[in-house]
Number of protein chains: 2
Amino acid sequence: MIPVANSRSDSPMPSLPQPRRIPRQSRSRALVEAILEATARVLTERGYAGTNTNLVAERAGVSVGSVYQYFPNKDALLTALHERHAAEMHAAMERALGSPSAAGADTRDLRSKLASLVQAWLAAHRVAPELHRVLEKEFPFFDAPADQSPTDQGIRQRIRALLDEHRSEVVPQDPELATWVMVQTMESLIHAAVIPPGAPCSAEAAGQAIVDLLAGYLCGQARRALP
Amino acid sequence: MIPVANSRSDSPMPSLPQPRRIPRQSRSRALVEAILEATARVLTERGYAGTNTNLVAERAGVSVGSVYQYFPNKDALLTALHERHAAEMHAAMERALGSPSAAGADTRDLRSKLASLVQAWLAAHRVAPELHRVLEKEFPFFDAPADQSPTDQGIRQRIRALLDEHRSEVVPQDPELATWVMVQTMESLIHAAVIPPGAPCSAEAAGQAIVDLLAGYLCGQARRALP
DNA sequence: CCAGATATCGAGCAAATACTCATGTTTGGA
DNA sequence: TCCAAACATGAGTATTTGCTCGATATCTGG
């Protein structure tokens with residue numbers, strides 16, 4: 001093993017995990033796709049420590065060399081997968097909330113919007129809980145601390161904007177802090193609800209509880225009265 | 001490397017990480033202590049992947065062989081450290097809340113008790129944030145899923161008892177679910193507040209916010225009015 | 001249809017590292 | 001004082017694995 005990748009204790013200024021080569025032809029784009037898919041499969045089956053590049057290549061029906069044409073090292077595979085996941089969450093959020101202050105403003109109250117968002121994210125996570133477990137709980141993220149990618153920042157900003165739209169209903173004073181609490185809470189609890197052993201109830205009930213938690217903090221109101 | 005330790009894909013029934021030999025003389029107890037201390041230091045400096053048993057032994061001023069006298073494999077070191085941390089949290093909790101239904105019952109309201117607990121845990125975590133980061137976010141926990149040790153269960157039970165004591169003030173119906181929400185939220189947000197980049201505010205403010213979040217969920221009341 | 005660009009291949013190297021075991025040292029009770 | 005059990009040692013081994021590189025194949029613009 002060549003220590004270049006283990007930058008934690010070596011390089012003070014870690015290089016960004018950029019693809020070594022950009023796939024131009026459709027052939028190579030399919031190859032990259034196959035590699036990522038295989039990575040997800042192997043990761044799901046064997047966890048982070050059980051995953052190695054040779055195996056990923058084999059499962060993708062590709063040679064190791066090809067993997068290293070497009071990914072500078074093993075962790076870049078995971079980073080790419082994580083980024084893809086973040087993008088999916090971002091997309092799900094936009095679908096649930098709409099873009100901020102777009103035409104035809106969303107007139108629902110804050111609680112309803114939160115419920116949509118939590119529902120959407122829960123659903124997205126239930127697709128591959130074990131993969132998310134590995135990505136969130138096993139991946140070291142040496143060089144690229146999670147929650148710092150542009151996509152993650154986009155998510156934070158959208159939440160911030162949501163609180164801003166509803167600032168009249170929102171009790172906490174510091175919007176920075178309120179955003180932080182929101183994002184951390186949603187991510188943690190959604191992951192905890194979905195990955196084994198999971199919440200001690202149905203996914204719907206867990207979603208309800210998360211919404212109650214968030215709405216209670218933001219609006220200082222008891223959970224919604226039953227109809 | 002011998003595959004015995006990597007049980008994820010191999011052994012269906014992983015053996016418990018019991019010490020290979022129990023230290024009887026004070027000499028060996030000191031040795032075990034030195035090993036754990038060194039593990040914590042190395043883990044803090046170099047992260048999970050950068051930590052190896054040879055280095056730990058060297059840093060502890062001990063030979064590798066001695067490490068393997070008392071710990072069956074590398075992960076057992078981490079597990080021991082994690083268990084020790086859980087025990088500290090348990091102790092801090094007992095100090096903050098007292099044992100349930102003990103003589104001289106604690107007459108404070110739920111919110112005050114929550115505030116004590118959050119304060120105590122925050123303080124305990126601020127001692128070695130980087131170590132906690134590694135323990136919580138890098139350690140794979142192959143065989144012993146976190147939050148399943150007897151100590152962790154003890155923590156859950158105590159929280160459950162707390163909610164029970166105050167069941168008249170508590171709004172959520174399902175106590176199982178409420179306990180789960182509490183524990184998950186506290187652990188996640190306290191970790192997030194302490195480990196870099198941390199909360200966008202002082203530790204005190206973060207603590208306040210966490211208490212607001214929990215109290216809002218449990219009691220359905222707005223944050224405490226300023227005096 | 002060819003020349004350069006792009007893509008793929010995979011045997012094998014170099015390094016890392018978890019763990020063993022044969023041997024030596026210390027301890028504490030009888 | 002003596003001895004058996006407990007303790008400590010650390011060079012060495014067996015294995016894993018991230019990654020390279022020179023050879024080969026395929027594509028595409030002119």
Side-chain angles (χ1 to χ4, degrees), chain A residues 1-10 15 17 19-35 38-39 42-43 46-79 140 142-143, chain B residues 1-10 15 17 19-35 38-39 42-43 46-79 140 142-143:
Chain A
M1 192 224 271
I2 278 162
V4 153
N6 294 350
S7 60
R8 169 157 291 277
S9 50
D10 309 315
S15 59
R20 181 162 296 192
R21 157 182 289 198
I22 295 160
R24 296 167 206 281
Q25 306 175 1
S26 70
R27 180 170 50 138
S28 47
R29 277 193 293 272
L31 182 135
V32 166
E33 202 51 42
I35 291 171
T39 305
V42 174
L43 230 34
R46 315 188 31 141
Y48 179 80
T51 298
N52 62 288
T53 53
N54 292 335
L55 180 60
V56 167
E58 188 188 317
R59 290 290 191 89
V62 163
S63 87
V64 228
S66 295
V67 172
Y68 283 92
Q69 291 288 334
Y70 301 98
F71 299 93
N73 55 51
K74 173 183 170 179
D75 282 354
L77 290 169
L78 286 259
T79 303
F142 286 130
D143 300 329
Chain B
M1 191 223 270
I2 280 162
V4 154
N6 293 350
S7 62
R8 171 156 289 276
S9 51
D10 309 313
S15 59
R20 179 161 299 193
R21 154 180 290 197
I22 294 162
R24 296 166 206 279
Q25 306 175 0
S26 69
R27 178 168 52 137
S28 47
R29 277 193 294 271
L31 181 137
V32 167
E33 202 51 42
I35 290 172
T39 305
V42 173
L43 229 34
R46 315 186 33 141
Y48 179 80
T51 297
N52 62 287
T53 53
N54 292 335
L55 180 59
V56 166
E58 189 189 318
R59 290 290 192 88
V62 161
S63 86
V64 227
S66 295
V67 172
Y68 283 93
Q69 292 286 336
Y70 301 98
F71 298 92
N73 55 52
K74 173 183 168 178
D75 282 354
L77 291 170
L78 287 259
T79 303
F142 285 131
D143 300 329

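Residue numbering restarts at 1 for every chain, and letters A, B, ... go by the order of the sequence lines.
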Taking OP1 and OP2 of [N], is either one under 4.0 Å from a side-chain nitrogen or oxygen of [X]?
X	N	result
A:T53	D:dG18	yes
B:R20	C:dT20	yes
B:Y70	D:dA8	yes

Could you tell me the separation between the OH atom of A:Y48 and the CG atom of A:D75, rounded to the nearest 0.5 Å?
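Interatomic distance, A:Y48 OH to A:D75 CG, rounded to 0.5 Å: 3.5 Å.
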Rounded to the nearest 0.5 Å, the OG atom of B:S63 sits from the CD atom of B:Q69 at a distance of 8.0 Å
Please give, in whole Å, the distance from [N] [atom2] to [X] [atom1]?
X	N	atom1	atom2	result
A:I22	C:dA7	CD1	P	10 Å
B:R29	C:dT27	CZ	P	14 Å
B:L31	D:dT9	CG	C1'	11 Å

At 4.0 Å (heavy atoms only), tell me whether B:S66 reaches a base, stays on the sugar-phosphate, or touches nothing.
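Touches a base.
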Sugar-phosphate, base or nothing in reach of A:V62, heavy atoms under 4.0 Å
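Result for A:V62 = sugar-phosphate.
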Taking only the side-chain heavy atoms of A:R27 (C-beta and beyond), determine which of D:dT9, C:dT20, D:dC27 contains the nearest atom.
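Within the option list, the nearest is D:dC27.
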Sole residue of B:T53, B:N52, B:L77, B:L55 in side chain to side chain contact (heavy atoms under 4.5 Å, CB included) with B:V42:
B:L55
DNA chain D: 5'-proximal contact among A:Q25 and B:G65 (nearest heavy atom):
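Here B:G65 is the residue nearer the 5' end.
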Of B:S26 and B:T51, the one whose nearest nucleotide on DNA chain C sits closer to the 5' end is B:T51
Is there a donor and acceptor pair, one atom on the side chain of B:N54 and one on the base of C:dC19, closer than 3.5 Å?
yes
